[in-house]
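This report concerns only the one structure given below.
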Amino acid sequence: MSAKRSPSGNGSNGTVPNGSKVPNSGQQAANDPRQGPTGRPAILDDEQLLELAAELNQRLGRPPRIEELIEAAGGCQKQRASRAIRALRERLAAAAVHSMLVLPPELEAEHRAWIDRWMRVAAERLSGEHALLVERHDDKVQKAQDLLEEQNLVIKGLRESLADQQRIAAELAQSVGKLEAMTSKLRGERDVALALAEDRLRYCRAPPAEQEGAL
């Protein structure tokens, strides 16, 4: 609760530029925490002024008058006091309207029964559609999983085929190497045989004297 402002006891109407009344310094102690550094009472903000108006409403049984609120606040602008009282009246009116809007227990129970009945009917009507949507969703998920498994099998087959092709290519390369080595060996043997054949041919064609010399 906000601190209350003590009204000035001498009824002085002296004012300061902010509209606050200057209290009689003889009626307030010098160390009063409600006074500012210069001895002036601290000014209530709008929220504190509204709370003070609410306190006066509880005490008086009615909203305070502008002069009553100004006096209780220790002095404030008339316009601010008027706004605080208007805000208090709006708060009281809102509370009154809210109390009128509260349903009687019997009507509230009947209202809740209607809501529960409506929710059951809505659930019954929506349950079939919800089940159908869930079934369609599950079917799409299953098809996607089947397609993914099929793609994985295709990828696995392609990888195995690639491995086979690489193995065959390696075997062919090895066979080609062997054939090239064999061909090189046979070519060497062929060259030796041709050389021997040419020597024998020259020997056979040479005169007998040369044949004897060759022997």
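One-based numbering along the sequence shown.
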Between [atom1] on residue [X] and [atom2] on residue [Y], distance to nearest 0.5 Å:
| X | Y | atom1 | atom2 | value |
| --- | --- | --- | --- | --- |
| Leu179 | Gln174 | CG | CD | 11.0 Å |
| Asp46 | Glu51 | CG | CD | 12.0 Å |
| Arg190 | Thr183 | CZ | OG1 | 10.5 Å |
| Met182 | Glu189 | CE | CD | 10.5 Å |
| Leu132 | Arg136 | CG | CZ | 4.0 Å |
| Leu196 | Leu201 | CG | CG | 12.5 Å |

Do you know the tightest heavy-atom contact between [X] and [Y]?
| X | Y | value |
| --- | --- | --- |
| Leu50 | Ala84 | CD1-O, 3.4 Å |
| Pro64 | Ile85 | O-CD1, 3.2 Å |
| Arg80 | Asp45 | NH2-C, 3.4 Å |
| Leu88 | Ala54 | CD1-CA, 3.9 Å |
| Glu68 | Leu56 | O-CD1, 4.1 Å |
| Pro63 | Leu92 | CG-CD1, 4.2 Å |

Salt bridge or not between Arg65 and Glu71? Use side-chain N to carboxylate O under 4.0 Å. no
Glu171/Arg167 ion pair, N-O < 4.0 Å: yes
Partners passing side chain to side chain contact (heavy atoms under 4.5 Å, CB included) against Asp146 (at least two apart in sequence or in another chain): Gln142, Glu149
With sequence neighbours left out, write down each residue that passes side chain to side chain contact (heavy atoms under 4.5 Å, CB included) with Leu172, or none if nothing qualifies. Ile168
Is any side-chain heavy atom of [Y] closer than 4.5 Å to one of [X]?
| X | Y | value |
| --- | --- | --- |
| Glu110 | Glu106 | no |
| Leu49 | Cys76 | yes |
| Val141 | His137 | yes |
| Arg86 | Arg89 | no |

More than 12 heavy atoms from other groups under 6.0 Å of CZ on Arg62: yes
So, does Ser184 use its side chain to make a donor-acceptor pair with the main chain of Glu180 at under 3.5 Å? no
Return yes if some donor-acceptor pair links the side-chain N/O of Asp139 with the main-chain N/O of Glu135 below 3.5 Å, else return no. no
Trace of the salt bridge (Lys or Arg N to Asp or Glu O under 4.0 Å) decision for Arg59 with Glu55: CA-CA 6 Å; Arg59 186 190 311 168; Glu55 293 176 8; 5.0 Å; no
Linking I/L/V/M/F/W/Y whenever their side-chain heavy atoms sit closer than 4.5 Å, directly or via other members, would Trp118 and Val121 fall into one cluster? no
Where do Asn152 and Lys156 land on the side-chain contact (heavy atoms from CB on, under 4.5 Å) test, with the steps shown first? CA-CA 6 Å; Asn152 289 334; Lys156 181 180 179 181; over 6 Å; no
